[in-house]
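So the structure is just underneath, and the comments pick up after that.
Here, residue 1 is the first one in the sequence, and each next residue gets the next number.
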Amino acid sequence: MVFVKNIENKELRLEPLFDGNSLKGLKVNDKLCEFPQPVATRNDVPVELIFDFLKQFEEEKFFEHLSSYDELFKFINESLNEILAPKIKLMTDELEIEVTASDGFTVPATNFFLKWKDEIIVSELTYVHTRKRINRQKRGKIEISEYDSVEPLLVYSKWFQDKHEKNYMFPKYQQNGLKLEDRPVNLELKSTAATGIPTLMKLETIQAFLARNLTMDPKDIYRELKKEVQKYVNFEWDPRLYDLICCYIIGTYFYDIFYCYPILIFYGDFETGKTRALKTVVWASHRGMLCVDPTPSSMFRTVDAYRPTFAIDEFTKLTEDIQRIARASYKKGEKVPRIEKIKKERFILSLFEIFTPFVLATTEKIQDMLLSRSIQITMRRAKDPNKERRDPEAEDFEEIREKLYLSRLTFAPRVYEASKKIDEMKLEIYGRDYEIWKPILTIAFTIGEKVFNTVLNLARDLIAERREEFHKEEKLLLTVMESIFEEKAGKTLTGETQIEFSATDVLGGLKELILLEEYAGDEKRFYKDWSPQKIGIRLTRMGIRKTRKGKKGSRVYMLTYDEYIKLRFRYNLSDLSDMSVKEGEGVKSQLETDEKEKDLMNFVGSKNEENLGGS
């Protein structure tokens, strides 16, 4: 095979030389030059590309230097090997395997958002009733059987520059039909449901999406949504919470754009409207699902099958396993491993991603580990705003949900762009607080300046309140230790002020401190929450040294005053009261006599002012 090309009135005759499936070299105008490294697989090498390389040298008149063939061929060889990767194959007498592409993206078939280079794809899955026809060939004849079934149906939007493609597919039968730029998109459907849930997208919405050229801006839905929320929930003590709730609901339709999505917690006493608020959020949200008494296995499989906005009432009655799954749900990439038996003695490891919005309602204080991933709304008793005095049902929010599904499929790139603008703003919210609030602030930004400023101010207030709640138990224990320093401080061999105490000592001091104020004198409730064992675990986590003393080896904890000051600083408890420490027969004010500890106090105070100022 010879290719002829005229460049500057000079004829260039080029003949590629193959050795088996490799391009070994080139013969140019009868001059032979072999590549130092053959380019594998002739089908991957369009010879026109070689001409394009040669064309680059027209201005340099490289034909005047035909003696430098070696450098020319070396350049072509290196360029081809860099651009055109060789085929990777396995060939045996019975088997042939050829690698066609990288693994690409593996995404849950239920819904996903992907951006790669200049292309974006967003999808939504629902369940539809279908009429299936199966053709089978039996004994030379085709037999046709028909039956009705419920099947998952995936619709998607794809954007590339100014182009917008809309289409649908059945992921159960078309798991490898999508591509993003040059990469395949593999749909993962580990768990399928026998039927849908009432909050999934309706068939009529899918048909409208496919047939019409429309863009549904969340801003156009916001007022209607807020009005509907106000029919069921009363936030008279802080109306800003309506904007927070509405932005959270809209955000659930775009949650997979973000790396994290916050857990929403309604906390309060009995009859404060927690369940009403929870139902209002879940029925308006993306695939809202209200569950009662889930088990860990059903929980992650439900998330895998539906990717719902998962709501649990009376959350504190659930097991530690479920609370652990809830904690992991707020961040993309967290997976639950499960070993599954497929046949005989063969097992496979399956990883279930559980990233999905979670909404919880509880009457009891939430653990710090979960609270740090959450936005908590403390509910109060208020007048029932609903004329019928009833909780909402899924049907009450159907029209709004369908509009928000259309918004997801038509407005996702703009929400993504808004999230990048939020990253550029100086909001004075940092770390995990920023992770939690970024999705909500992004939605508020797309709605408008007034809503954005309202939600931003509320975010700062709730962050400050949450910091007060963090490590509340540790702060109580440190307050009790202050009293122990006043009563029984001694000296170490090096002259440091130190106390020795047991978990039982701390329990007695804690009872005296909070029994009346927090438990209204109810000792039974107090001892349900507190025990020497629990206090011992807390003290150990705080890093307080422990040892055994006496013949029976009773366990005691030891703490110097310097260590105590550092603990107060760590747990943001810097306001020390004047405390006296017994020393021999006299009593001296520790804060008045010890200059070293005065310096520590000034250091602690200045650091806390810096921390508060930076948040």
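Salt-bridge check for Glu353 with Lys332: failed, with every basic side-chain N at 4.0 Å or more from each acidic carboxylate O. Salt bridge Glu146/Lys132: absent, no basic N to carboxylate O contact under 4.0 Å. Using a 4.0 Å cut-off between a side-chain N of Lys or Arg and a carboxylate O of Asp or Glu, Lys117 and Glu119 do not qualify as a salt bridge. A salt bridge links Asp423 with Lys438: the distance from a Lys NZ or Arg NE/NH1/NH2 to an Asp or Glu carboxylate oxygen falls below 4.0 Å.
Judged by distance alone, the side chains of Asp217 and Tyr222 never bring a donor and an acceptor atom under 3.5 Å apart. Side-chain contact, Ser149 with Glu151: a donor N or O sits under 3.5 Å from an acceptor N or O. Between the side chains of Asp313 and Thr275, a donor-acceptor pair is found at a separation under 3.5 Å. Glu188 and Thr106 share no donor-acceptor pair across their side chains, judged by distance under 3.5 Å alone. Asn234 and Asp384 share no donor-acceptor pair across their side chains, judged by distance under 3.5 Å alone. A donor and an acceptor atom, one from each side chain of Glu364 and Tyr267, are nowhere located under 3.5 Å apart.
Relative orientation of the Phe310 and Phe358 rings is parallel, given thresholds of 30° and 60° on the angle between their planes. The aromatic rings of Tyr261 and Phe258 lie tilted to each other, with the angle between the two planes from 30° to 60°. Using cut-offs of 30° and 60° on the angle between ring planes, the pair Tyr255 and His286 is tilted. Relative ring orientation between Tyr405 and Tyr253 is described as perpendicular, the plane-to-plane angle rising above 60° on a 0-90° scale split at 30° and 60°.
Using a 4.5 Å cut-off on side-chain heavy atoms (C-beta onward), Asn186 and Val107 make no contact. Contact of the Tyr416 side chain with the Trp159 side chain is not registered, since no non-hydrogen atoms from C-beta on lie closer than 4.5 Å. At a threshold of 4.5 Å between non-hydrogen side-chain atoms, the residues Arg432 and Ser372 count as touching. Proximity of Pro218 to Ile443: side-chain heavy atoms (C-beta onward) are nowhere separated by under 4.5 Å.
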Residues Lys172, Leu187; criterion side chain to side chain contact (heavy atoms under 4.5 Å, CB included); working and verdict:
CA-CA 9 Å; Lys172 202 171 175 181; Leu187 302 179; over 6 Å; no
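Remark: Lys231 NZ to Arg390 CZ distance equals 9.0 Å, nearest 0.5 Å. The CD atom of Glu314 sits 6.5 Å away from atom OG1 of Thr362, with the distance rounded to the nearest 0.5 Å. Going from atom CE of Met289 over to atom CH2 of Trp283 covers 8.5 Å, rounded to the nearest 0.5 Å.
Lys226 contributes no side-chain N or O that, together with a main-chain N or O of Ile245, makes up a donor-acceptor pair within less than 3.5 Å. Without hydrogens or angle criteria, Thr199 side chain to Gly288 main chain gives a donor-acceptor distance under 3.5 Å. Under the 3.5 Å distance criterion, the side-chain polar atoms of Thr356 are matched with a main-chain donor or acceptor of Pro308.
Taking the ring centroids of Tyr242 and Phe235, they lie under the 6.0 Å cut-off.
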